[in-house]
J.: 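Handing you a structure now.
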Amino acid sequence: MSLGLIPQDIIEQVKDRIDILDVVSGYVTLSKAGQHFKGLCPFHSEKTPSFTVSSSRQIFHCFGCGAGGNVFGFLMKIEGTSFPETVRELARKAGIEVPAAPSGRPSPDAGSREKLERLNETAQAWFMRNLHEGEGGAAARAYLDERGMGQATLHTFGFGYAPQAWDGLLKHLLKEGFTLPDLVAGGLVTQKESGGRNPKDVSGYYDKFRQRVMFPICDLRKKVIGFGGRILGEGMPKYLNSPETPLFNKGRALYLLEKARESAGKLDRLVIVEGYFDAIALHQAGITNVVATLGTALTPDHVRTIRRYVTKVVLLFDPDEAGVRAALRTLDLFVDSGIGVTVVSLPDGDDPDTFIRKQGPEVFARLQEQAPSLLDFSVAHSLEKAGSSSIEDRIRSVDEILRILQKTSHRLAKEECLKLVAERLGINQSRLIERYPELLAREERKGARKPEPPVPPPPPGPFKGSPEERDLAFLLLQGRLRAEHMQALDAAAFSVPACRRLAELGLKHRGKDGRVLVRAVLDEAMADETCAPLATQLSLMEQQYDDEEAHIRGCLELLGRKQREASERDLIARLRAAEREGRLEDWRTLNAQLKDMHVQKAAVRPEVAP
């Protein structure tokens, strides 16, 4: 069978050449744990790693949220791509050519993401050509030279230039075969206020980016998903980003994460700045574990992404009031996230770009080592605002500090900060502690008036069903059932649908020696929603039995007995119904069957050779 018009042999080639460990490692920091690898789950928030990847089985499973599957399922879930898109992307990485869909039958995923990726790639090539060729990009090249961006940096980071013309990009992309709706969907053109309603009327649209130095924004696959542009000369806004598109969301994307993730993972530290040039300047100086936000504050989605790679974050914001507020806003996000956050404050008048060019990476490294924690920084800022003002202002400042302290669940950290606050404000510590529960009560009362946020579904509980069914499915997926065990196995005897399906697949995929072909079972199970989650869970479980052979025989016997008892109950119910309804002939037939069942009951046992 082929999926999404991609031949099955191509899908099998991709499976054979791509290692799930390599793919997942691009999104999650994994550590060896026995036979498998573990990391923090990218699909839910957790502090203790429960996300497991098996290179030998080519599957993943999270024992916290229940997510599981193969390499295709992982990428589809984390990137939001369709199956054909995912196969094509992995095939491209593996150097496997995927034939085009037959003419007259468009591919199910034609358009949307793949077409927008080609659109962005074409636009990026045009921007770069404008910068490096001809007189049009001279002013942009001169500006970038002033900012310390050398030729190697321009090419490494894909700098480009959008000329002042109103429709240069629009005309170029239409000439390349894209449609006006494509350009609108990609966020590359803007409708004129006086433009008509006809979506095909190009005269009603103009280029979104004009007279700007251009920065491509890439995803973890290094595909261009959007753009940022810095105005040349005077004009507003100074920086402009792509609008939200099917590819780009500034609340999830982090600039240069595709370049920073490897070094960040090795150092277990990610530096976060606010601007394109700040991030590039640090990379250019050899500090490559740096990303930038894209004109928005950090979001919960950002934090979830960051947690895949590091347990330490350095916030490096401008030392003005806006930068301080940006740092303080992150406190809610990072408290109890499992990420340790420090804040580097630069000297007045410096931003990360100017500082690193003047002082160099060694001085910056010292600042990182001396940086206070985000909580310490927040407390110090509140104390600085209180200063020697009135009693009322000092009390209000204490409330602000206590609101900060209440966000951490670490008791010792709270106590140390309370002590510091009391000393700095000249307030008795015991009085400060007394005030703390009063604040909590007020906050709780305020919260009670607000609607509760939606509660996420609980993680899957323990296996619901017969233990013998679970154990037989587990042993089947572990390849520990011999040919004689499989001969005694009856898929119809299973009452749990997922276990029954796994038993069916096990009986279907057997080698010449009668044993289960585990990889074939897993391959088919991954495409079956009935059993895929249980298949990944049981495949990555570790379970030993004192006497495995005796346990298998006991499970098979119990399963058979329960099946016979269920058959007997069904026969008795049908017998009674025939008696009530006066169906004498049916009653005689069913009664004879029941007698035969009773005669054979004691003798029917699944015999398995020891």
J.: Is there a donor in the side chain of His302 and an acceptor in the side chain of Thr299, or the other way round, less than 3.5 Å apart?
T.: yes
J.: Under 4.0 Å between a Lys/Arg side-chain N and an Asp/Glu carboxylate O for Arg357 and Asp353?
T.: yes
J.: List the steps and the verdict of side-chain contact (heavy atoms from CB on, under 4.5 Å) for Gln151 and His155.
T.: CA-CA 7 Å; Gln151 280 298 312; His155 287 282; 3.9 Å; yes
J.: Salt bridge or not for Arg366 and Glu362, using N-O below 4.0 Å?
T.: no
J.: Tell me, which pairs form a side chain to side chain donor-acceptor pair (under 3.5 Å) where one or both residues lie in residues 214-233, sequence neighbours left out?
T.: Glu117-Arg221, Tyr143-Arg230, Asp219-Arg221
J.: Should Leu254 and Leu294 be marked as a side-chain contact (heavy atoms from CB on, under 4.5 Å) after you check the CA-CA gap, both sets of side-chain angles, and the distance that decides it?
T.: CA-CA 7 Å; Leu254 288 167; Leu294 293 163; over 6 Å; no
J.: Checking side-chain contact (heavy atoms from CB on, under 4.5 Å) for the pair Leu173/Trp126: CA distance, chi angles, key distance, verdict?
T.: CA-CA 9 Å; Leu173 292 174; Trp126 188 77; over 6 Å; no
J.: Examine distances only and state if a side-chain atom of Asn130 and a backbone atom of Tyr161 form a donor-acceptor pair shorter than 3.5 Å.
T.: yes
J.: With distance as the sole test, does Arg113 use its side chain to make a donor-acceptor pair with the main-chain N or O of Glu85 at under 3.5 Å?
T.: no
J.: Return yes if a side-chain donor-acceptor contact under 3.5 Å exists between Asp182 and Thr179, otherwise no.
T.: yes
J.: How close do Gly251 and Asp301 get, heavy atom to heavy atom, and via which atoms?
T.: O-CB, 3.7 Å
J.: Check the orientation of Phe43 and Phe60. Use parallel for under 30°, tilted for 30 to 60°, and perpendicular for over 60°.
T.: tilted
J.: Distance alone, cut at 3.5 Å: any donor-acceptor contact between the side chains of Thr153 and Gln284?
T.: yes
J.: Under 4.0 Å between a side-chain nitrogen and a carboxylate oxygen: does that hold for Arg92 and Glu89?
T.: yes
J.: Determine whether the aromatic ring centres of residues Phe277 and Phe215 are separated by less than 6.0 angstrom.
T.: yes
J.: Quickly, which of Phe74, Phe51, Tyr309 forms a ring-ring contact (aromatic ring centres under 6.0 Å, His included) with Tyr27? Name it, please.
T.: Phe74
J.: So, Asp278 and Tyr255: side-chain donor and acceptor under 3.5 Å apart, yes or no?
T.: no
